[in-house]
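The block underneath contains the structure these notes are about, expressed in structure tokens.
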2 protein chains.
Amino acid sequence: MSLPHAILTALLEKPSSGLELTRRFDKSIGYFWSATHQQIYRELGRLEREGAIRALPSQGATRGQKKEYEVLPAGRAELARWTAEPQDPKPLRDTLLLRLRAAAVVGAEGIQEELRRHLDLHRRQLAEYEEIERRDFPPEKDAVEDRLRHVVLRAGIDLETFWTRWLTRAIEELGETAGAG
Amino acid sequence: MSLPHAILTALLEKPSSGLELTRRFDKSIGYFWSATHQQIYRELGRLEREGAIRALPSQGATRGQKKEYEVLPAGRAELARWTAEPQDPKPLRDTLLLRLRAAAVVGAEGIQEELRRHLDLHRRQLAEYEEIERRDFPPEKDAVEDRLRHVVLRAGIDLETFWTRWLTRAIEELGETAGAG
DNA sequence: TAATGCATGTAACGAGTTACATGATTTG
DNA sequence: CAAATCATGTAACTCGTTACATGCATTA
């Protein structure tokens with residue numbers, strides 16, 4: 001149950017319409033919590049019904065008409081409650097690792113190219129994060145809020161760094177006698 | 001659509017009953033693809049109907065009676081197909097990062113303890129993986145299949161190492177002027 | 001006025017989660 | 001033989017995904 005809270009956070013940062021939220025879930029917040037526009041509209045409907053957010057007045061209610069939302073006190077309270085609540089990390093779930101394990105049983109045909117492809121994707125993502133860091137967090141003393149956002153961004157950077165290193169090493173080691181299994 | 005393939009992999013490694021699979025999905029394969037017994041029984045039913053696996057003969061069909069499955073050629077072929085097929089990595093989805101971002105908006109009350117708690121959990125997981133590495137992969141030349149499994153395990157080790165380092169640094173940096181937001 | 005893009009939705013499905021139900025086997 | 005445990009399942013629900021539908025605004 002995190003999507004509603006992701007939306008509340010995004011709306012507190014800036015009141016938005018469904019489509020604007022969708023765009024922001026393609027970057028920024030979306031870097032660590034993605035969502036499609038269908039999910040977002042469904043959730044906006046729920047949050048409005050429950051009184052956590054409201055459509056800004058002067059926004060027509062018809063279809064095809066832009067509709068901006070803002071967070072109500074109840075919504076902010078719920079977000080604060082959820083943020084402070086203990087939550088265990090979710091167990092890892094990764095298809096690439098699963099496929100390597102499967103490859104040990106049915107053969108590693110074509111796995112090398114797939115590893116190289118993933119390495120390339122992770123390198124691009126890493127470059128994107130580093131670009132954001134240069135742009136948004138120049139080396140100065142940050143305010144507390146910025147420091148929190150910076151720490152989050154660095155998780156992304158460190159994670160992509162981990163993947164590129166691990167993939168590089170995996171490609172080397174599996175390449176030695178590579179090919180089939 | 002990865003659970004059926006995880007099950008096929010597990011069954012190829014060793015024919016098993018539903019409960020045995022459930023146990024193995026609590027460790028081993030479960031370290032990077034977890035599943036509950038309800039998911040597993042449902043999926044075993046589907047795989048059997050589709051002719052990918054079959055119950056070993058001499059296994060009663062009644063409830064409460066142990067029932068072992070083995071993979072049929074069709075199942076192995078499907079697993080090989082899926083393993084070789086290109087698949088993009090899934091975007092990151094992490095509630096702790098989301099909560100840090102939310103904390104920048106609604107206040108960071110209690111976040112420090114949560115970070116320390118997660119650090120402890122990740123350290124334990126790391127220790128568990130390292131123990132497995134010592135036990136199952138002593139420093140010798142591995143066969144190709146073992147090398148694949150070793151690479152997968154090292155992904156787990158490196159990933160937990162990343163989390164412990166990132167959390168340690170985050171705790172330091174947020175601690176400096178810590179507390180509220 | 002037809003096409004394109006912006007904006008908000010519906011419908012149907014699949015995967016994962018939680019709670020519960022039932023039968024068989026061991027053991028106190 | 002009662003209780004605990006092993007083992008297999010059902011049911012209901014939530015969340016995420018895919019495909020499609022509808023209305024408004026601009027512009028070629």
Side-chain angles (χ1 to χ4, degrees), chain A residues 1-8 10-11 15-26 29-30 32-50 53-56 58-69 82 87-95 98, chain B residues 1-8 10-11 15-26 29-30 32-50 53-56 58-69 82 87-95 98:
Chain A
M1 261 253 311
S2 304
L3 179 58
H5 303 98
I7 290 179
L8 288 172
L11 286 181
S16 309
S17 68
L19 193 65
E20 280 162 8
L21 279 177
T22 302
R23 298 242 164 80
R24 292 168 62 196
F25 274 83
D26 275 342
I29 288 216
F32 47 89
W33 202 273
S34 55
T36 62
H37 81 272
Q38 293 89 339
Q39 279 180 277
I40 289 169
Y41 285 117
R42 182 164 57 185
E43 206 60 46
L44 283 173
R46 275 181 212 161
L47 287 168
E48 190 176 22
R49 249 179 288 127
E50 291 165 8
I53 63 174
R54 65 162 187 178
L56 288 183
S58 86
Q59 309 284 347
T62 56
R63 195 164 185 153
Q65 205 72 329
K66 195 167 159 176
K67 209 163 127 193
E68 292 223 308
Y69 292 93
W82 178 82
Q87 290 172 40
D88 284 348
K90 286 209 121 185
L92 175 58
R93 253 168 182 229
D94 187 281
T95 50
L98 187 54
Chain B
M1 263 252 311
S2 303
L3 179 58
H5 303 98
I7 291 179
L8 287 172
L11 285 180
S16 308
S17 67
L19 192 66
E20 280 162 8
L21 280 177
T22 302
R23 299 242 164 81
R24 291 169 62 195
F25 273 82
D26 275 341
I29 289 214
F32 46 89
W33 203 272
S34 56
T36 62
H37 81 272
Q38 292 88 340
Q39 281 178 277
I40 288 169
Y41 284 117
R42 181 164 57 187
E43 206 59 47
L44 283 172
R46 277 182 209 158
L47 287 168
E48 189 176 21
R49 250 180 286 125
E50 292 165 7
I53 63 174
R54 65 161 189 178
L56 288 182
S58 87
Q59 308 287 345
T62 57
R63 198 164 183 152
Q65 203 73 329
K66 194 166 160 178
K67 210 164 124 192
E68 292 223 307
Y69 292 94
W82 177 82
Q87 290 173 40
D88 284 349
K90 287 210 123 183
L92 175 58
R93 252 164 182 233
D94 187 281
T95 49
L98 187 54

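Below, each value reflects all heavy atoms present in this structure, side chains not excepted, and no hydrogens, waters or symmetry copies.
Residue Lys66(A) places no side-chain N or O under 4.0 Å from the OP1 or OP2 atom of dA25(D). Phosphate contact (OP1/OP2 of dT8(C), side-chain N/O of Tyr41(A), threshold under 4.0 Å): present.
Nearest heavy atom pair, residue Ser34(B) against residue Arg93(A), reads O-NH2, 2.5 Å.
If you check residues 15-24 of chain A against DNA chain D, you find no residue with a heavy atom closer than 4.0 Å.
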Next on the checklist: Test side chain to side chain contact (heavy atoms under 4.5 Å, CB included) on Phe25(B) and His37(B); report intermediate values, then the result.
Outcome noted: CA-CA 9 Å; Phe25(B) 273 82; His37(B) 81 272; over 6 Å; no
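A donor-acceptor distance shorter than 3.5 angstrom exists from the side chain of Gln39(B) to the backbone of Thr36(B), with no hydrogens or angles considered. With hydrogens and angles ignored, the 3.5 Å screen pairs no side-chain donor or acceptor of Glu43(B) with any backbone N or O of His5(B).
Not a single side chain to side chain donor-acceptor pair (under 3.5 Å) links Arg23(A) to another residue, sequence neighbours left out.
Side-chain atoms of Ser16(A) and Arg24(A), non-hydrogen and from C-beta on, do get closer than 4.5 Å to each other. Side-chain contact between Leu21(A) and Leu44(A): present, with at least one pair of heavy atoms (C-beta onward) separated by less than 4.5 Å.
Atom-to-atom distance recorded for Glu20(A):CD and Leu11(A):CG is 10.0 Å, nearest 0.5 angstrom.
We find that CG of Leu47(A) is positioned 11 Å from P of dC15(D), with the value rounded to whole Å.
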Checklist entry - Using a cut-off of 4.0 Å between protein heavy atoms and nucleotide atoms, how would you tag nucleotides 13-20 of chain C 5' to 3' with B, S and -? => result --SBBBBB
